[in-house]
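Ligands are counted one by one from 1 in listed order, and the atoms in each one are counted from 1 as well. Owing to the predicted nature of the structure, the values given are computational and were not obtained by experimental measurement.
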Amino acid sequence: MVDISFKSLAVAGVRSLQAYQPGKPLEELEREYGIRHAVKLASNENPLGPGKKALAAIEQQLATLSRYPDGNGFSLKKALSKKYGVNMDQLTLGNGSNDILEFLARAFVASGDEVIFSEHAFAVYPLVTQAVGGQAVVVAAKNYAYDLEAIAAAVSDKTRLIFIANPNNPTGTWLTEKALRDFLKKIPAQVLVVLDEAYYEYAIDPALKACGYTSVMGWVAEYSNLVVTRTFSKAYGLAGLRVGYSVSNAEVADVLNRVRQPFNNNSLALAAAEAALEDEAHLQHSLKVNAEGMQLLTQAFEQWGLDYIPSVGNFICVKVGDAGQIYEALLRAGMIVRPVANYGLPEYLRISIGRADENARLLDALKKILNA
Ligand SMILES: *Cc1c(COP(=O)(O)O)cnc(C)c1O
C-alpha cells in the first residue's frame, strides 16, 4: 500500500480546521459513567421537546417517505412568507441555519477574502470561513458583548461578510436597535452583514421588553446587504430535524439557492417546521418555561455570589473558576453543561435553561460541587 497523507492533500483551509465540538450526547455520558436519567443542558435545545402539531405533521408525512421532498420547500416558504411579511423569493431554506452560514461563505468568500466576526462568537463562523480559504478577522469583544464600532472599523477592501449573532451564543448578549442602525449605516453596501437570529424568539419575549433587543428582519428592504438567519432548532424544539432559513434580498437568495443542494431539507423536517410555526401555544409555553428557569438560575447565582453574563437567550454563562473541573464533576453527577474555553471563556460554563425539575437538579448539583 502506498503511504499517502490524505490530510496533506486537503485544501489549505480545511487542513487547518478543527471539527466543531458538539455538546456531549446524553447516551454517551450514560454509557461512560454508568448512570441513568442524565440531564443535558449543553446545546440550547428546547427542554420541552417538539410541540404536538409538529409531531402530528411528521406522522402524517411518514407515508410519503419514498418520495423526494419538495426541493423548493414551497409550503414552508409560503407559511414563513405569510408570517413574517416577506416575499417567497427572499427566503432560502437550510438544513439547519448552519447550512445557510455555509452557503454564504461558499457563495461570497474566495480564498484570501476577509470575514469579520467577534471574539466569543458562534463557533460555526470561523469554521465556514476557513473551509473556503477565507481570512477570519476576529474583533475583540467589549465586556463580553459585540463591539460594533470596532467591527465597522475592521472593514477593509477585502471584507465580504460580517457575521453577527443577536443574541450571541455563547454569551447571550444582545444588540439594541440604535446600535444596529448606527452600525448598518457605516457598512459599505457591497459587504454582506449576516444577522444570525437563532435565539430571536427568546429575546422578543415580552418579559424582556426593557432589554432593547430588536430583530432586523424588517430592515432587509432598506439594506440590500442584510441577511437575517433564523432556525427551528431552538425555541421551536426541532434541532434534530435541521431546519433553518434566511431572509435576504431576492438576488442574494438566488445566489444562495445556487449553492444549496436540491433536497437539503427532508420532507419530515419541512412538514414539522411548517406545523411548528402555527403552534403558538407550544412556543409561548416554551418561552414561559425559559423565563422562569432563567430567573431561578440567575437568582441562585446572585445568592451564591457567582458572576454571570446577563442573557436574553435560553442559556447563560456563569463564572465558576476552574470550569473544566466543575464540568467534570457535573458530568459525574449526571449533568451535561458546556465548557466554553474554546470560545475564550475558560472560567465560565454555559448552561442551557431546562425544565423546572432539570434546573433544580442542576442547581443542587452545582451547589454541592462548589461547596465541596
Ligand atoms: C444554535 C445556533 C444556530 C442554529 O443552528 P442550526 O443549524 O439551525 O441548528 C445558529 N446560530 C447560533 C448562534 C446558534 O447558537
Side-chain angles (χ1 to χ4, degrees), residues 19-23 25 40-47 49-50 54 73 76 80 91-106 115 117-129 131 141 144-146 161-175 193-203 213 215-217 227-247 256 260-261 264-266 268-270 272-273 276-277 286 290 309 311-317 337-338 340 342-345 350-353:
Y20 179 81
Q21 291 182 349
K40 185 183 174 202
L41 301 173
S43 300
N44 303 344
E45 296 146 335
N46 184 329
L76 175 58
L80 287 167
L91 287 160
T92 306
L93 297 180
N95 191 264
S97 55
N98 285 344
D99 208 20
I100 308 243
L101 303 177
E102 193 183 13
F103 300 162
L104 284 158
R106 277 176 53 210
V115 175
F117 47 86
S118 173
E119 180 190 15
H120 314 311
F122 188 40
V124 171
Y125 308 153
L127 264 179
V128 299
T129 301
Y144 302 107
Y146 282 62
L161 282 181
I162 303 175
F163 284 118
I164 291 180
N166 188 34
N168 184 51
N169 171 22
T171 57
T173 53
W174 65 99
L175 298 160
V193 179
V194 183
L195 252 294
D196 177 344
E197 296 186 351
Y199 301 94
Y200 149 83
E201 292 84 2
Y202 296 105
Y213 174 86
S215 163
V216 296
M217 188 178 278
V227 180
V228 178
T229 62
R230 297 262 182 94
T231 184
F232 285 90
S233 298
K234 305 287 160 52
Y236 285 104
L238 297 176
L241 282 178
R242 319 298 307 125
V243 195
Y245 60 96
S246 65
V247 175
L256 297 181
R260 184 180 67 84
Q261 293 297 316
N264 63 330
N265 290 109
N266 70 69
L268 302 184
L270 288 170
L277 212 50
S286 304
N290 188 63
I309 307 173
S311 164
V312 293
N314 64 339
F315 54 89
I316 186 153
C317 279
V337 298
R338 190 65 162 267
V340 278
N342 57 334
Y343 288 89
L345 299 164
R350 190 193 69 194
I351 302 171
S352 305
I353 308 300

**Prompt:** Centre of Y200's six-membered ring, under 6.0 Å away, within 45 degrees of the axis: is that where NZ or CZ of R230 sits?
**Reply:** yes
**Message:** Exactly one of I100, L101, L91 should register a side-chain contact (heavy atoms from CB on, under 4.5 Å) with S246. Which one does?
**Reply:** I100
**Request:** Report yes or no: do R338 and N44 form a side-chain donor-acceptor pair below 3.5 Å?
**Result:** no
What does the N/O contact table under 3.5 Å look like for ligand 1?
residue  : atom   : partner : partner atom : Å
ligand 1 : 7 (O)  : S97     : N            : 3.1
ligand 1 : 7 (O)  : N98     : N            : 3.0
ligand 1 : 7 (O)  : N98     : ND2          : 3.3
ligand 1 : 7 (O)  : R242    : NH2          : 2.6
ligand 1 : 8 (O)  : S97     : N            : 2.6
ligand 1 : 8 (O)  : S97     : OG           : 2.9
ligand 1 : 8 (O)  : T231    : OG1          : 2.5
ligand 1 : 8 (O)  : S233    : OG           : 3.4
ligand 1 : 9 (O)  : S233    : OG           : 2.6
ligand 1 : 9 (O)  : R242    : NH1          : 2.7
ligand 1 : 9 (O)  : R242    : NH2          : 3.3
ligand 1 : 11 (N) : D196    : OD1          : 3.2
ligand 1 : 11 (N) : D196    : OD2          : 2.6
ligand 1 : 15 (O) : N169    : ND2          : 2.7
ligand 1 : 15 (O) : Y199    : OH           : 2.6
ligand 1 : 15 (O) : K234    : NZ           : 3.3

**Request:** Have a look at Y146 and tell me which of T173, N166, T171, N168 forms a side-chain hydrogen bond (donor to acceptor under 3.5 Å, both in side chains) with it.
**Result:** N168
**Request:** Using modelled atom types only, decide if a donor and an acceptor are shared between the side chain of N98 and the backbone of G244 within a distance under 3.5 Å.
**Result:** no
Distance-only donor-acceptor hits, side chain of residues 231-242, under 3.5 Å, sequence neighbours excluded:
residue : atom : partner : partner atom : Å
T231    : OG1  : S233    : N            : 2.9
T231    : OG1  : S233    : OG           : 3.0
T231    : OG1  : V243    : O            : 3.4
S233    : OG   : R242    : NH1          : 3.4
K234    : NZ   : Y199    : OH           : 3.1
R242    : NH1  : A239    : O            : 3.3

